[in-house]
Amino acid sequence: MQGGNKSVGYGWGNGWGSGLLAVVIFSGSMPATRLAVLGIAPLLLTSARALIAGTLAFTLLAGRRQPLPLRDRWPKLAVVAGCCVIGFPLLSALALQHMSSARSLVFMGLLPLSTAIFGVIRGGERPSGAFWAFALIGALAVASFALMRGGDSSSLGDGLMILSVIVCGLGYAEGAVLSRELGGWQVISWALVLSVPLAVGGTIAFWPPEGIAGIPGSSWLGLAYVSVFSMLVGFIFWYRGLSIGGIAKVGQLQLLQPFLGLGLAAFLLREHVAPAMLGATLVVVACVAGAKRFA
């Protein structure tokens, strides 16, 4: 582990601060994806967001005159691209055709566990038993709250979300390990650039025959958010946070993401925030603090 892993504050310059900022950004991903798929087919949405983000990433890399990664790093970048640029966006978009964004929070609450497990497998991390206890309690708190909210779904939607969580956890861990060598923004940028040829082909192949004039403005806003913030800006802070603070440790901040997403929906859409949400949020915050303390 790097010396930065011992940082204990929440300033934006350390692992926990960078990770928290990323989670705030990611909290809008599922609502934005839900808005987007109401007017854009999942396959086109996945291709278009990767193409937009990949173009921005190429501009960033060229502007900073970054050298090409060494040959042995490209397979790892391919894993990040397959999981975070293609896999999770596509699987979650398909799932959101069969469930509400609120129900998808059941599964997003399990993402910290997935990330921690792959952090052990891919990053060689060894969190303490107390850490795992807090991680499990936090995941159960999120899942219980989301299940109590109800919401129609299907076995297909649930299965797709479970698979997306597994794929995303692998992509997070792989990218964090690689960030220790390349840097956080370089990892996601090269992964996006690597995905551009596939994104171009997908955008052409899945372009609607009737054109795009009928796509509502809300779907365009959703596409813009997931392309710029979910696919690029958020990952710059996220991979930096994971590489400095530890994959399993900082990954527990994802427990806050479902509640931040619901809070965002309440603020923007005037949805009612039940007292149960506030209680569950307090439990989750305590679990994040406990995981940080005993990691």
Side-chain angles (χ1 to χ4, degrees), residues 2 4 12-13 15 17-29 32-33 45-70 72-92 111 114-115 118-119 122-123 164 167-200 202 223-247 250-251 253-254 257:
Q2 297 176 348
W12 303 127
S18 295
L20 181 59
L21 182 55
V23 167
V24 172
I25 294 172
F26 288 152
S27 66
S29 297
T33 300
L45 173 62
T46 303
S47 301
R49 65 189 281 181
L51 178 57
I52 295 171
T55 302
L56 294 174
F58 177 80
T59 303
L60 180 60
L61 289 166
R64 299 293 295 271
R65 298 183 178 180
Q66 290 295 300
L68 286 172
L70 298 177
D72 62 347
R73 290 172 179 170
W74 285 105
K76 297 178 181 178
L77 287 169
V79 173
V80 175
C83 292
C84 296
V85 182
I86 304 298
F88 176 77
L90 178 58
L91 291 168
S92 59
L111 186 53
S114 176
T115 304
F118 282 111
R122 300 296 301 145
S164 74
V167 167
C168 192
L170 173 58
Y172 281 174
E174 193 71 41
V177 172
L178 194 54
S179 293
R180 297 167 184 168
E181 305 171 11
L182 291 180
W185 73 268
Q186 292 94 331
V187 168
I188 189 57
S189 295
W190 284 117
L192 285 166
V193 169
L194 187 61
S195 305
V196 165
L198 185 61
V200 171
L223 172 61
Y225 188 92
V226 297
S227 300
V228 177
F229 293 98
S230 301
M231 293 293 291
L232 181 59
V233 178
F235 271 105
I236 291 175
F237 291 103
W238 186 237
Y239 279 147
R240 184 179 189 280
L242 292 178
S243 64
I244 295 176
I247 300 169
V250 175
L253 287 169
Q254 294 170 108
Q257 183 174 332

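Residue numbers count from 1 along this sequence. What you are looking at is a predicted structure, and each value in this text was computed from that prediction instead of being measured. These values consider heavy atoms only, across backbone and side chains, with no hydrogens, waters or symmetry-generated copies.
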Taking all non-hydrogen atoms of both residues, which atom of A191 and which atom of V80 are closest, and how far apart?
CB-CG1, 3.8 Å
Under the criterion side-chain contact (heavy atoms from CB on, under 4.5 Å), I'd like the reasoning laid out for T55 against V193: C-alpha separation, chi angles, the key distance, then a yes or no.
CA-CA 7 Å; T55 302; V193 169; over 6 Å; no
In the structure I gave you, are the side-chain heavy atoms of F237 and L20 within less than 4.5 Å of one another anywhere?
no
Separation of L170 CG from S114 OG (nearest 0.5 Å)
8.0 Å
Non-hydrogen atoms of R73 and L182 that approach each other most closely
NH1-CD2, 3.1 Å
Side chains of Q254 and Y172, heavy atoms from C-beta outward: is any pair under 4.5 Å?
yes
Run the side-chain contact (heavy atoms from CB on, under 4.5 Å) check on S179 and L242 step by step: do they pass?
CA-CA 8 Å; S179 293; L242 292 178; over 6 Å; no
Rounded to the nearest 0.5 Å, what's the gap from CD1 on I236 to CG on L21? Could you check?
10.5 Å
State, yes or no, whether a side-chain contact exists between Y225 and I25 at a heavy-atom distance under 4.5 Å.
yes
Looking only at heavy atoms, the pair that brings S227 and A48 closest together is OG-O, 4.5 Å
With heavy-atom distances below 4.5 Å as the criterion, would you say the side chains of L77 and P69 are in contact?
yes
With no hydrogens and no angle check, is any side-chain donor or acceptor of Q186 less than 3.5 Å from a backbone partner on Q66?
no
Quick one: are P89 and M231 in side-chain contact, heavy atoms under 4.5 Å?
yes
Rounded distance [0.5 Å steps], CZ in F88 versus CG in L91:
8.5 Å
Please lay out, stage by stage, how L68 and W74 fare under the test side-chain contact (heavy atoms from CB on, under 4.5 Å).
CA-CA 10 Å; L68 286 172; W74 285 105; 4.1 Å; yes
Does the side chain of R240 pick up a donor-acceptor pair with the side chain of S18 at under 3.5 Å?
yes
State, to 0.1 Å, how close G251 and W238 come at their nearest heavy-atom pair, and which atoms those are.
CA-CH2, 3.9 Å
Could you pull out the closest heavy-atom pair between A81 and L194, with the gap in Å?
CB-CD2, 4.5 Å
Quick one, L61 and W190 - any side-chain contact, counting heavy atoms below 4.5 Å?
yes
Here the pair of heavy atoms bringing A173 nearest to R122 is CB-CB, 4.5 Å
State, with a plain yes or no, whether a side-chain heavy atom of S47 is found less than 4.5 Å away from one of I86.
no
Would you say the side chain of L253 lies within less than 4.5 Å of the side chain of V250, judging by non-hydrogen atoms?
yes
Should K76 and E174 count as an ion pair when the cut-off is N to O under 4.0 Å?
no
My understanding is that only one of V85, V200, T46 makes a side chain to side chain contact (heavy atoms under 4.5 Å, CB included) with S195; could you say which?
V85
Give a yes-or-no answer on whether the side chains of S29 and S230 include a donor-acceptor pair shorter than 3.5 Å.
yes
Nearest 0.5 Å please: distance from the CG atom of L232 over to the CD1 atom of I52.
11.5 Å
Trace of the side-chain contact (heavy atoms from CB on, under 4.5 Å) decision for L60 with W185
CA-CA 9 Å; L60 180 60; W185 73 268; 3.4 Å; yes
Check: F229 ring centroid to F26 ring centroid under 6.0 Å:
no
